[in-house]
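Quick notes on the structure that follows.
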Number of protein chains: 2
Amino acid sequence: MESIVTMARADQTGSYKGSEKLRPEEMIYHEMLDAILDRRLEPGMKLVEEDLAKTFGVSRARIRATFLQLAHDKLINLVPNRGAFVSEPTIDEAIEVFSARRMIEDGVARKVATNMTPERAEQIKEHLDREHDAHHRGDHRAAIILSGEFHLLLARLSGNLVIEEFLERLILRTSLIIAMYESPQPVDCSHTEHDQLLNALLSGDPDVAAAEMSRHLDAIRDRLQLQRPKPGKTDFASIFGRIPTSEAS
Amino acid sequence: MESIVTMARADQTGSYKGSEKLRPEEMIYHEMLDAILDRRLEPGMKLVEEDLAKTFGVSRARIRATFLQLAHDKLINLVPNRGAFVSEPTIDEAIEVFSARRMIEDGVARKVATNMTPERAEQIKEHLDREHDAHHRGDHRAAIILSGEFHLLLARLSGNLVIEEFLERLILRTSLIIAMYESPQPVDCSHTEHDQLLNALLSGDPDVAAAEMSRHLDAIRDRLQLQRPKPGKTDFASIFGRIPTSEAS
DNA sequence: GCATGCAAAATTGTTAACAATCATGTCAGC
DNA sequence: GCTGACATGATTGTTAACAATTTTGCATGC
């Protein structure tokens, strides 16, 4: 099962003068990306160049080039002289990502609804069928990937590559955020919500489509534990499990 | 005079654990970026690693790392086994960049108008004063930079770093597009248009602000020569300056 | 048991060298 | 003069080695 990126990048391989063979760091990028999205590489984990170089059978320079790519996607964090770490998005960052997605996907939904054709509708439906299938099969991983790809499909249908590429990166970051802030109940897109979104898109009304998209994104965000603890008096005794011996002056 | 990126990135140096000293490829990145934006490195120009390494007094590896960063910003194009070239945005790409900017900056203008404060208004005005100054001084280069920074200031005021970073990259690409498709008359933002935009933002009405922003961006785009020649019969005679000797069968 | 200093190990940063590929120039044949 | 083959030079792709920095472990003193 390939990751979200493979679907999007497969269309861009042509930019490498028709070469179908991926270069080492591209393959490594995909494998690391999968590991991050699968949560095998957990937020905060240190990524040691030499270890990865040995694992992939290349020199450290290939790993470093891959790190630069992953850092651009904000999936890892490069700290000079200290190393590379899987990103740990802050709550602020998470909120900003969702806010940015709302801004972008609002426009995408408007465009798709306005320019809806029977062919495109069919394409979206087929995708949703695959989502339903994955759910029925209990293939949780496939369902998650297809769920993200649904958003990417809409971006592609909006016909703006600049936006599509940006959204792709936001979706990857969203996956990491979900890994960090997941609540006990399922957090990813519900496929019934995608059904509702499709209906809104099929209405042909950009405002209806945009409103449903916003609702959907807000629902994902609200299912995450993004609330900050309320500021209050710091209770060191309970933090450290100590009983105060006397009142400090 | 520093480039657009310096203003934005100066706020992000803290991510390098407080280190104020830029690393080699960061300094090289800035210098190359300036050269591209100044049109000293022209669209299509080949960037030879060894030559640049000698110029900057570093190894080729530093240059390659810089290339990766510039390529991520779509300012250069890396072709495997052939080299790096300053990007030559296509007409389609130019149109998509402006369309993406409309999508983003529509949201930014709404946010800024909605959350306008006297302090922020003052900040924007001061920036516009500097734009006017640059125009009166006839400092064309400063005027261009300040003009792009005006948009970036609004993005910053919208309070979403994800959007700010994305817009920064779109603005850089816009500069390259302007270099490619510039018409004889001035193409960059007119500072009177920025005045009108400020008035719209000060109205506090998000719809008014968004409409003015769209008008402004459309005006820039329309001042570029982005029209494709109409498809027609290819006239080889006039292309090659030859007079046909007979009618081909 | 804790703090400090130092050495060793681990890791990152960078370069030079070699391998691989592409672009250009030259020569021979037609 | 044009085309094709081949050699040469230029350039990119990649690695291993060395330099620099950080982290960890150990010994000593209090």
Side-chain angles (χ1 to χ4, degrees), chain A residues 9 13-32 35 41-42 44-72 75-88 240-242 245, chain B residues 9 13-32 35 41-42 44-72 75-88 240 242:
Chain A
R9 294 272 164 99
T13 313
S15 65
Y16 287 106
K17 303 293 178 186
S19 167
E20 300 287 343
K21 186 169 170 67
L22 295 183
R23 298 181 299 140
E25 57 258 35
E26 286 168 335
M27 300 195 65
I28 295 164
Y29 172 88
H30 287 167
E31 295 215 19
M32 290 194 62
L41 297 178
E42 299 184 332
M45 186 179 279
K46 178 162 184 175
L47 308 171
V48 180
E49 297 178 359
E50 184 65 44
D51 292 347
L52 287 165
K54 283 192 165 70
T55 297
F56 290 113
V58 294
S59 74
R60 280 176 43 229
R62 303 295 104 247
I63 301 298
R64 293 173 71 82
T66 305
F67 278 359
L68 281 176
Q69 309 278 5
L70 289 165
H72 259 276
L75 297 175
I76 69 171
N77 194 31
L78 301 181
V79 186
N81 286 317
R82 281 173 166 66
F85 303 83
V86 179
S87 291
E88 299 177 276
F240 295 111
R242 298 283 179 92
T245 53
Chain B
R9 295 270 165 99
T13 313
S15 65
Y16 287 105
K17 303 291 177 187
S19 166
E20 301 286 345
K21 187 170 168 65
L22 297 182
R23 297 181 299 138
E25 57 259 35
E26 285 168 334
M27 299 195 66
I28 294 164
Y29 173 89
H30 287 169
E31 295 216 18
M32 290 193 63
L41 296 179
E42 300 183 332
M45 186 177 279
K46 177 164 188 178
L47 308 171
V48 182
E49 296 178 359
E50 185 63 43
D51 293 348
L52 287 165
K54 282 192 166 72
T55 298
F56 289 112
V58 294
S59 75
R60 280 177 43 230
R62 303 295 103 249
I63 301 298
R64 293 173 69 82
T66 305
F67 278 179
L68 281 177
Q69 309 278 7
L70 288 165
H72 262 274
L75 296 174
I76 68 171
N77 194 30
L78 300 180
V79 186
N81 286 317
R82 281 171 167 68
F85 303 83
V86 179
S87 290
E88 299 176 276
F240 296 112
R242 297 283 181 93

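A note on names: the letters A, B, ... follow the listed sequences, proteins ahead of strands, and every chain is numbered from 1. These figures come from a predicted structure and were not determined experimentally.
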### Query
Side chain of A:R60, base of C:dG13: donor and acceptor closer than 3.5 Å?
yes
Per [X] side chain, nearest of listed nucleotides [options]:
{"X": "B:N81", "options": "C:dT21, D:dT14, D:dT15", "answer": "C:dT21"}
{"X": "B:P24", "options": "C:dA23, C:dT14, C:dT11", "answer": "C:dT14"}
{"X": "A:K46", "options": "C:dT14, D:dT12, C:dT11", "answer": "C:dT11"}
{"X": "B:E49", "options": "D:dT15, C:dA23, D:dG13", "answer": "D:dG13"}

[X] [atom1] to [N] [atom2], straight-line distance once rounded to whole Å:
{"X": "A:I28", "N": "D:dT14", "atom1": "CD1", "atom2": "C1'", "value": "12 Å"}
{"X": "B:L68", "N": "C:dT14", "atom1": "CG", "atom2": "C1'", "value": "16 Å"}
{"X": "B:E50", "N": "C:dA20", "atom1": "CD", "atom2": "C1'", "value": "16 Å"}
{"X": "B:R82", "N": "C:dT21", "atom1": "CZ", "atom2": "C1'", "value": "9 Å"}
{"X": "A:I63", "N": "C:dT11", "atom1": "CD1", "atom2": "P", "value": "14 Å"}
{"X": "B:F67", "N": "D:dT11", "atom1": "CZ", "atom2": "P", "value": "12 Å"}
{"X": "B:L78", "N": "D:dT11", "atom1": "CG", "atom2": "P", "value": "17 Å"}

### Message
Consider side-chain contact (heavy atoms from CB on, under 4.5 Å). Of B:R64, B:Q69, B:E25, which one does A:L68 pass it with?
### Response
B:Q69
### Query
Checking side-chain contact (heavy atoms from CB on, under 4.5 Å) against A:L47, which of A:N77, A:V86, A:T66 comes through?
A:V86
### Under 4.0 angstrom between A:R62 side-chain N/O and D:dT15 OP1 or OP2
yes
### Task
Would you please confirm or rule out a distance under 4.0 Å between OP1 or OP2 of D:dT12 and any side-chain N or O of B:R64?
no
### Query
How far does CG of B:L78 sit from NE2 of B:H72, to the nearest 0.5 angstrom?
9.0 Å
## Note on the structure
CD1 (A:I76) and CE (A:M32) are apart, to the nearest 0.5 Å, by 6.0 Å
### Task
Pick base, sugar-phosphate or nothing for A:L47, based on heavy-atom distances below 4.0 Å to the nucleic acid.
sugar-phosphate
### Message
Heavy-atom nearest nucleotide on DNA chain D for B:A61 versus B:V48: which residue maps closer to 5'?
### Response
B:V48
#### Entry: Flag if over 12 foreign heavy atoms under 6.0 Å of CE, B:M45
yes
